[in-house]
Novice: 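Below is a structure I'd like to ask you about.
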Amino acid sequence: MNNKIKAAITSVGGYVPPDKLTNFDLEKMVDTNDEWIRTRTGIEERRILKGEGLATSDMVVPAVLELCRKRGIDPLEIDCLIVGTVTPDMVFPATANIACEKLGAKNAWGFDVSAACSGFLYTLTLGASLIESGRYKKVVVCGADKMSAIVDYSDRSTCIIFGDGAGAVLLEPDTEGYGVLDSILKSDGSGCQFLHMKAGGSKKPATIETVMAKEHYIYQEGQAVFKFAVKGMADVSAELLERNKLTGDDIAWLVPHQANKRIIDATAHRMGLSPEKVMLNIQRYGNTTAGTIPLCLWEWEKQLKKGDKIVLAAFGGGFTWGATLVKWAY
Ligand code: UT7
């Protein structure tokens, strides 16, 4: 018996839009081909949120409603909603505020976290701290991105990677040792040069010139990011295992950010995990940025068993990266 309050994940919800964008669709849009995309990234198709005025909050809402329904709670019971996203509905107010209004979560406060592909790990650690403080009983953390809003569909080096989606988990207090056990989060702002959006912030507000120069889209130096990601995600996952005196044998699942299958394989290899223990849905959804990890939990929920030790790992824009150890609670 461990009386210290931990934040247990007690429900999971997810949402991916119905419209698919396949590698074959992309072949008609840019100079690429299915074989190149599959072998270099592992991606076969992604989902795209279509519809006038639909935004990231419109994916957060169904994901949160699903987790409430599964847990048998009303959105009114949510104390706090944290959304990890780099594609907020608006620069302000926060997507979390907009989503709470749409959910009828009138008793919740909330905010957004900008940590790109590590958005879910950052929000999970924050949400867990709120639960561990003893002040909050139901915190929802969400990773959600409408990447199609910031992808240049004439740039073959980025448009093949990204997709849209959202996933969310409910955190509740647990005193029996289940939940978020440990987390190592890192950031290095020198990585900004390799992955960013040039305009639209206070440094370079939107003008006709920034629009004409396509500066409101993702800028990525793929090879440089790849190099840092392979090392960063594998190193931090190994560090987390070592710090908790665990080996790959103790881990039931690796839940990796889905950016590139080759980065995932390198991380699993470094942790001594066989491929059957790695959650992988990149082939169907591509890289949904903050959405990837909770969407994996959503899809694998039925296969998870109470007491399973799982490692969540991510690397992305910032640079931001990290790994989190969770003991599954149900
Ligand atoms: O989640 C956020 C963090 N982001 C990441 O983790 C992404 C990390 N980076 C990557 O996943 C990979 O770098 C990419 C998938 C983006 C690119 O793969 P790569 O193996 O690094 O390719 P490359 O950029 O080195 O390009 C190799 C070749 C080039 O042609 P040349 O110069 O060798 O003739 C590219 O022009 O492939 C060409 N190329 C393409 N060919 C067909 C680049 N994109 C494409 C494409 N289709 N879509």
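Both counts, for ligands and for their atoms, begin at 1 and track the order of listing. Since this is a predicted model, take the numbers as computed values, not measurements. When a residue number appears, it is its place in the shown sequence, counting from 1.
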Novice: Rounded to the nearest 0.5 Å, what's the gap from CZ on Phe120 to OG1 on Thr324? Could you check?
Specialist: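 Answer rounded to 0.5 Å: 8.5 Å.
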Novice: Less than 4.0 Å from atom 42 (C) of ligand 1, is there any heavy atom belonging to the protein?
Specialist: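 True for atom 42 (C) of ligand 1.
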Novice: I want to confirm something. Looking only at heavy atoms, which of Asn260, Thr39, Ile43 is nearest to atom 12 (C) of ligand 1?
Specialist: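 Looking at heavy atoms only, Asn260 sits closest to atom 12 (C) of ligand 1.
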Novice: Could you please spell out the steps behind the side chain to side chain donor-acceptor pair (under 3.5 Å) verdict for Asp145 and Thr85?
Specialist: CA-CA 6 Å; Asp145 272 298; Thr85 186; 2.9 Å; yes
Novice: Please list, in number order, the atoms of ligand 1 under 4.0 Å from a heavy atom of Ile161.
Specialist: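 Under 4.0 Å from Ile161, ligand 1 has these atoms: 16 (C).
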Novice: Between Asn107 and Glu77 (side chain of the first, backbone of the second, donor and acceptor by atom type, cut-off under 3.5 Å), is there such a pair?
Specialist: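 Looks like no, no N/O pair under 3.5 Å.
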Novice: Judged on heavy-atom distance to atom 23 (P) of ligand 1, which of Arg156, Glu221, Gln223 sits nearest?
Specialist: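 Shortest heavy-atom distance from atom 23 (P) of ligand 1: Gln223.
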Novice: How are the rings of Phe319 and Phe194 set relative to one another: parallel (under 30°), tilted (30 to 60°) or perpendicular (over 60°)?
Specialist: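 It falls in the parallel class, under 30°.
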Novice: Nearest to atom 5 (C) of ligand 1 by heavy atom, Thr288, Leu26, Asp155, Val225: which?
Specialist: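 The residue whose heavy atom sits nearest atom 5 (C) of ligand 1 is Val225.
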Novice: So, is the end of the Lys198 side chain (NZ or CZ) under 6.0 Å from the ring centre of Tyr219 and within 45° of the ring's axis?
Specialist: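 So Lys198 does make the cation-pi contact.
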Novice: What protein heavy atom lies closest to atom 19 (P) of ligand 1? Include the residue and the distance to one decimal.
Specialist: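 Going atom by atom, the protein heavy atom closest to atom 19 (P) of ligand 1 ends up being Arg40 NH1, 3.7 Å.
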Novice: Under 4.0 Å from any heavy atom of Ala259, which atoms of ligand 1 are there?
Specialist: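 What qualifies from ligand 1 is 1 (O), 5 (C), 6 (O).
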Novice: For Thr41, counting its heavy atoms only, list the atoms of ligand 1 lying under 4.0 Å from any of them.
Specialist: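 Going through ligand 1 atom by atom, the ones under 4.0 Å from Thr41 are 15 (C).
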Novice: Classify the contact between Thr289 and ligand 1 as side chain, backbone, both or neither, using a heavy-atom distance cut-off of under 4.0 Å.
Specialist: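 Under 4.0 Å from ligand 1, Thr289 contributes no heavy atoms.
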Novice: With distance as the sole test, does Thr123 use its side chain to make a donor-acceptor pair with the main-chain N or O of Gly119 at under 3.5 Å?
Specialist: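 Yes, Thr123 side chain to Gly119 backbone: donor-acceptor pair under 3.5 Å.
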Novice: Using a cut-off of 6.0 Å, state whether more than 12 heavy atoms not belonging to Lys231 lie near its atom NZ.
Specialist: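 Count not over threshold, so no.
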Novice: Using a strict cut-off of 4.0 Å, indicate which atoms of ligand 1 neighbour a heavy atom of Ile160.
Specialist: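 Going through ligand 1 atom by atom, the ones under 4.0 Å from Ile160 are 48 (N).
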Novice: Assess the residue pair His216 and Thr210 against the criterion (side chain to side chain donor-acceptor pair (under 3.5 Å)); give the C-alpha distance rounded to whole Å, side-chain angles, the decisive distance to 0.1 Å, and a yes or no.
Specialist: CA-CA 7 Å; His216 297 272; Thr210 63; 2.7 Å; yes
Novice: Below 4.0 angstrom, counting only protein heavy atoms, does anything approach atom 31 (P) of ligand 1?
Specialist: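 Given the 4.0 Å cut-off, atom 31 (P) of ligand 1 does not count as touching protein heavy atoms.
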Novice: Determine whether any protein heavy atom is located less than 4.0 Å from atom 34 (O) of ligand 1.
Specialist: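 No; the ligand atom in question lacks any protein heavy-atom contact below 4.0 Å.
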Novice: Quick one: which ligand 1 atoms are inside 4.0 Å of a heavy atom on Thr32?
Specialist: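 Near Thr32, the atoms of ligand 1 are 42 (C), 46 (C), 47 (N), 48 (N).
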Novice: According to a 4.5 Å side-chain heavy-atom criterion applied to Ile, Leu, Val, Met, Phe, Trp and Tyr, with indirect links allowed, do Phe162 and Leu280 form part of one hydrophobic cluster?
Specialist: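 Yes, it is one cluster - the side chains of Phe162 and Leu280 are joined through contacts under 4.5 Å.
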Novice: Among the clusters formed by ILVMFWY side chains lying less than 4.5 Å apart, do Val180 and Trp300 turn up in the same one?
Specialist: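 Looking at the clustering, Trp300 is in the same group as Val180.
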Novice: Which residue and non-hydrogen atom of the protein lie closest to atom 4 (N) of ligand 1, and at what distance in Å?
Specialist: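 The answer is Gln220 OE1, 3.1 Å.
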Novice: Look at the side chain of His196 and the backbone N and O of Cys192, then say whether any donor-acceptor pair between them is shorter than 3.5 Å.
Specialist: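 Side chain of His196 to backbone of Cys192, a donor-acceptor pair under 3.5 Å: yes, one is there.
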Novice: Is Gly222 close to ligand 1, meaning an N/O of one under 3.5 Å from an N/O of the other?
Specialist: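 Looking only at distances, the answer is yes, because the N/O contact criterion of under 3.5 Å is met.
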Novice: Please find the pair of heavy atoms, one from Gly248 and one from Lys277, that lie closest to each other, and give the distance.
Specialist: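 Heavy atoms only, the tightest pair is O-NZ, 3.3 Å.
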Novice: Under the 4.0 Å line, does any protein heavy atom show up next to atom 14 (C) of ligand 1?
Specialist: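 So far as the 4.0 Å threshold goes, atom 14 (C) of ligand 1 is out of reach of every protein heavy atom.
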Novice: Answer with side chain, backbone, both or neither: which part of Asn287 has a heavy atom less than 4.0 angstrom from an atom of ligand 1?
Specialist: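 Contact part for Asn287 vs ligand 1: side chain (C-beta onward).
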Novice: Please check atom 25 (O) of ligand 1 for a protein heavy-atom neighbour under 4.0 Å.
Specialist: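 Under the 4.0 Å cut-off, atom 25 (O) of ligand 1 does have protein heavy-atom neighbours.
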Novice: Contact between ligand 1 and Cys117 is defined here as a heavy atom of the residue under 4.0 Å from a ligand atom; is it met?
Specialist: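 Checking ligand 1 against Cys117, which is what was asked, there is a heavy-atom contact under 4.0 Å.
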Novice: Please report whether ligand 1 has a polar contact with Asn33, defined as an N or O pair separated by less than 3.5 Å (distance criterion only).
Specialist: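 In fact, backbone or side chain, Asn33 has no N or O that close.
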Novice: Indicate, as side chain, backbone, both or neither, the part of Trp36 found under 4.0 angstrom from ligand 1 when only non-hydrogen atoms are considered.
Specialist: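 Just the side chain.
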Novice: Using a strict 4.0 Å cut-off to heavy atoms of Ile263, name the atoms of ligand 1 that fall inside it.
Specialist: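 Ligand 1 atoms under the 4.0 Å threshold to Ile263: 6 (O).
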Novice: For the atom pair SG (Cys296) and CD (Glu301), what is the distance rounded to the nearest 0.5 Å?
Specialist: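 Rounded to the nearest 0.5 Å, the SG-CD separation comes out at 13.0 Å.
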